[in-house]
Colleague: 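Take this structure, written in structure tokens, and hold onto it; I'll ask about it next.
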Amino acid sequence: MRVYLPSTLPALATALAGGEVGPAPLVAYAVTPALREWYSDGDLEELEYAAMMDAARASLRLLAEAPDAPPRRVVLAAELPDDLVSYEPGDAALAAEWERSLVRLDVPVPLEKVASGHVDDVIAGPAVRAALEALPAADAGDEDARFAVDGAEGHELMWYAVQELPYLFP
């Protein structure tokens, strides 16, 4: 199963140095039955993109907790056996948007299982900073703040092969 792990650049550096993404338990995102039910017209590629974008939103929240981290969302895509991925099946209509693809991993993810990295370009920094500043107001229901948070999503994440990820760190 393909899972998408939200991260930050400092956490990615730690994972590269340690050979694994962890420690467990880890929050990740994947194509779950609830996501399939909610997005019933989507093919697998569209469903995986939706799960990856949920992970990118979670990366933004990780950045909010790490004010010294560079303002770039990071998502790692990994291929794991289905039995390592757990989720709570539920009604897709009742689940919060990000919960539809939410899964849990009870083990660290070895870097050998990481298929690719997806990282904001440096030019996304101002939009990510604006999203971080607006996040508390957006969570409180402010529509203008929500618009600022959504502005970060206007930047596509750049794709990196695993062997290219160390080049993100000069």
Side-chain angles (χ1 to χ4, degrees), residues 1-12 14-15 21-22 24-39 42 44-78 80 85-105 109 114-160 165 168:
M1 169 182 277
R2 171 80 39 124
V3 298
Y4 299 92
L5 300 148
S7 192
T8 63
L9 284 175
L12 174 58
T14 299
V21 181
L26 294 167
V27 169
Y29 297 84
V31 177
T32 63
L35 182 61
R36 285 183 189 277
E37 180 183 332
W38 174 74
Y39 196 8
L44 182 58
E45 187 175 327
E46 292 170 316
L47 292 166
E48 286 182 341
Y49 183 78
M52 184 175 74
M53 293 313 298
D54 288 344
R57 283 184 213 108
S59 174
L60 188 65
R61 295 201 176 275
L62 292 175
L63 287 170
E65 296 170 9
D68 293 334
R72 296 171 73 185
R73 298 168 299 159
V74 177
V75 175
L76 301 174
L80 298 175
V85 180
S86 60
Y87 61 94
E88 294 294 324
D91 184 348
L94 298 177
E97 183 178 329
W98 56 270
E99 291 176 324
R100 294 180 185 122
S101 63
L102 185 65
V103 296
R104 188 183 74 238
L105 308 174
V109 176
V114 175
S116 60
H118 306 267
V119 182
D120 273 320
D121 191 352
V122 174
I123 64 169
V128 172
R129 277 190 205 92
L132 289 168
E133 290 174 14
L135 200 53
D139 287 346
D142 183 313
E143 287 299 318
D144 290 334
R146 185 67 205 155
F147 183 75
V149 171
D150 290 344
E153 292 179 16
H155 293 271
E156 289 291 325
L157 299 175
M158 296 172 34
W159 181 90
Y160 290 87
L165 292 173
L168 290 168

Colleague: L9 and V74: which non-hydrogen atoms are nearest, and at how many Å?
Modeller: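 Taking every non-hydrogen atom into account, N-CG2, 3.7 Å.
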Colleague: Show your working on side-chain contact (heavy atoms from CB on, under 4.5 Å) between V27 and L105 and close with a plain yes or no.
Modeller: CA-CA 6 Å; V27 169; L105 308 174; over 6 Å; no
Colleague: Show the numbers, then the answer: is there a salt bridge (charged side-chain N to carboxylate O under 4.0 Å, His left out) between R57 and E153?
Modeller: CA-CA 8 Å; R57 283 184 213 108; E153 292 179 16; 2.6 Å; yes
Colleague: For A145, is there any backbone N or O sitting under 3.5 Å from a side-chain donor or acceptor partner on D142?
Modeller: yes
Colleague: Please determine whether side-chain contact (heavy atoms from CB on, under 4.5 Å) holds for the pair D139 and R61, giving the CA-CA distance in whole Å, both sets of side-chain angles, and the decisive distance to 0.1 Å.
Modeller: CA-CA 11 Å; D139 287 346; R61 295 201 176 275; 2.7 Å; yes
Colleague: Give the minimum heavy-atom separation between A152 and A131, together with the two atoms involved.
Modeller: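 Scanning both residues completely, I find the closest heavy atoms to be CB-CB, 3.9 Å.
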Colleague: How long is the gap from OG on S101 to OH on Y4, to the nearest 0.5 Å?
Modeller: 10.0 Å
Colleague: Would you give the length of the straight line joining atom OG1 of T8 to atom CZ of R73, rounded to the nearest 0.5 angstrom?
Modeller: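 Taking OG1 in T8 and CZ in R73, the distance rounds to 13.5 Å.
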Colleague: Could you go through L76 and V21, starting from their C-alpha distance and side-chain angles, then the distance that decides it, and tell me whether this counts as side-chain contact (heavy atoms from CB on, under 4.5 Å)?
Modeller: CA-CA 9 Å; L76 301 174; V21 181; 3.7 Å; yes
Colleague: Using every non-hydrogen atom in the two residues, find where A30 and V103 come nearest and quote the distance to one decimal.
Modeller: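 Closest pair (atom of A30, atom of V103, distance): CB-CG1, 4.1 Å.
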Colleague: Do you know which two heavy atoms are closest between A55 and P6, and how far apart they sit?
Modeller: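 Between these two residues, the closest heavy atoms are O-CB, 3.3 Å.
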Colleague: Is there a side-chain contact between P10 and P70, using heavy atoms and a 4.5 Å cut-off?
Modeller: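 When only atoms from C-beta onward are counted, P70 and P10 do touch, with a gap below 4.5 Å.
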Colleague: Return yes if some donor-acceptor pair links the side-chain N/O of S59 with the main-chain N/O of S7 below 3.5 Å, else return no.
Modeller: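 Yes, the answer is positive, given that a donor and an acceptor are paired below the 3.5 Å cut-off.
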Colleague: Distance from Y49 atom OH to H118 atom NE2, nearest 0.5 Å?
Modeller: 11.0 Å
Colleague: Go through the steps to decide whether V75 and L5 satisfy the test side-chain contact (heavy atoms from CB on, under 4.5 Å), and finish with yes or no.
Modeller: CA-CA 5 Å; V75 175; L5 300 148; 6.0 Å; no
Colleague: What heavy-atom pair brings V109 and A78 nearest, and what distance separates the two atoms?
Modeller: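 It is CG1-CB, 4.0 Å.
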Colleague: Are any side-chain N or O atoms of R104 and backbone N or O atoms of S86, one a donor and one an acceptor, separated by less than 3.5 Å?
Modeller: no
Colleague: With rounding to the nearest 0.5 angstrom, report the OH to CG distance, Y160 to L12.
Modeller: 10.5 Å
Colleague: Mind checking whether E133 and V128 have side chains closer than 4.5 Å, heavy atoms only?
Modeller: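 E133 does not reach V128 side chain to side chain.
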Colleague: Look up atom CG in L132 and atom CD in E65, then write down how far apart they are to the nearest 0.5 Å.
Modeller: 11.0 Å
Colleague: By the definition side-chain contact (heavy atoms from CB on, under 4.5 Å), identify the one residue from L35, V3, D54 that meets it with Y29.
Modeller: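 Filter result, single survivor: D54.
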Colleague: At their closest point, which heavy atom of R72 faces which heavy atom of D121, and how far apart are they?
Modeller: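 Scanning both residues completely, I find the closest heavy atoms to be NE-C, 4.0 Å.
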